[in-house]
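The structure appears right after this line, and notes come after that.
Just so it is clear, the model here is predicted, and its values are computed rather than measured.
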Amino acid sequence: MPIWLHELFNFLCQASHVQRLMKLIRFRNTHQAFQGEFSVLESSDDQVCLRWQQEHVQCRLTVNLGTYQSIVHFTDDSGELAKYIV
């Protein structure tokens, strides 16, 4: 990889939106719920709700199609329900 491309990559990785995306990717790759069952939940016309569940852990994504706000509710390491605003 040319030096300038490597420097550009490092620079872009420091951007806050890239950091947030990387955090979301790591979450998706490591949370146990994503090894379980996937379902599309019933929701209003302006929302999409998706759920992944395995045994006692779950992850639910709610996307508001009007505001484009996305919220992830998930079972954290202590077994409590936590929230992450994407």
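If you chain together hydrophobic residues whose side chains sit under 4.5 Å apart, Val63 and Leu41 never meet in one group. Leu81 and Leu50 end up in different hydrophobic clusters when Ile, Leu, Val, Met, Phe, Trp and Tyr side chains are linked at under 4.5 Å. Note on Phe34 and Val48: same hydrophobic cluster, where clusters join Ile, Leu, Val, Met, Phe, Trp and Tyr whose side-chain heavy atoms are under 4.5 Å apart, directly or indirectly. Residues Val40 and Val72 share a hydrophobic cluster, clusters being chains of Ile/Leu/Val/Met/Phe/Trp/Tyr side chains in contact below 4.5 Å.
A distance-only check finds no donor-acceptor pair linking the side chain of Thr62 to the backbone of Cys49 [under 3.5 Å]. A donor-acceptor pair is defined here as one N or O able to donate and one able to accept, closer than 3.5 Å; no such pair exists between the side chain of Thr75 and the backbone of Gly79.
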Exercise for the section: Please step through side-chain contact (heavy atoms from CB on, under 4.5 Å) for the pair Ile71 and Lys83, ending with a clear verdict. Expected result: CA-CA 7 Å; Ile71 301 175; Lys83 176 170 70 171; 3.5 Å; yes
Exercise for the section: Before giving the answer on side-chain contact (heavy atoms from CB on, under 4.5 Å), spell out for Leu24 and Val86 the whole-Å C-alpha distance, their side-chain angles and the decisive distance to 0.1 Å. Expected result: CA-CA 8 Å; Leu24 186 60; Val86 180; 4.1 Å; yes
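In this structure the side chain of Ser70 reaches within 4.5 angstrom of the side chain of Leu61, judged on heavy atoms.
Across all their heavy atoms, Gly66 and Asn64 have their closest contact at N-OD1, 2.7 Å.
Considering CZ of Arg28 and SG of Cys59, their distance stands at 8.5 Å, rounded to 0.5 Å. Rounding to the nearest 0.5 Å gives a distance of 10.0 Å between CD of Gln54 and NE2 of His31. If you take CD on Glu55 and CD on Gln32, they are separated by 6.0 Å, rounding to the nearest 0.5 Å. Rounded to the nearest 0.5 angstrom, Arg60 CZ and Gln53 CD are separated by 10.5 Å.
Counting non-hydrogen atoms of neighbouring residues, nucleotides and ligands closer than 6.0 angstrom, the CG atom of Asp77 reaches no more than 12 such neighbours.
In summary, of the residues considered (Tyr84, Phe74, Trp52), a ring-ring contact (aromatic ring centres under 6.0 Å, His included) with Phe27 occurs for Phe74 alone.
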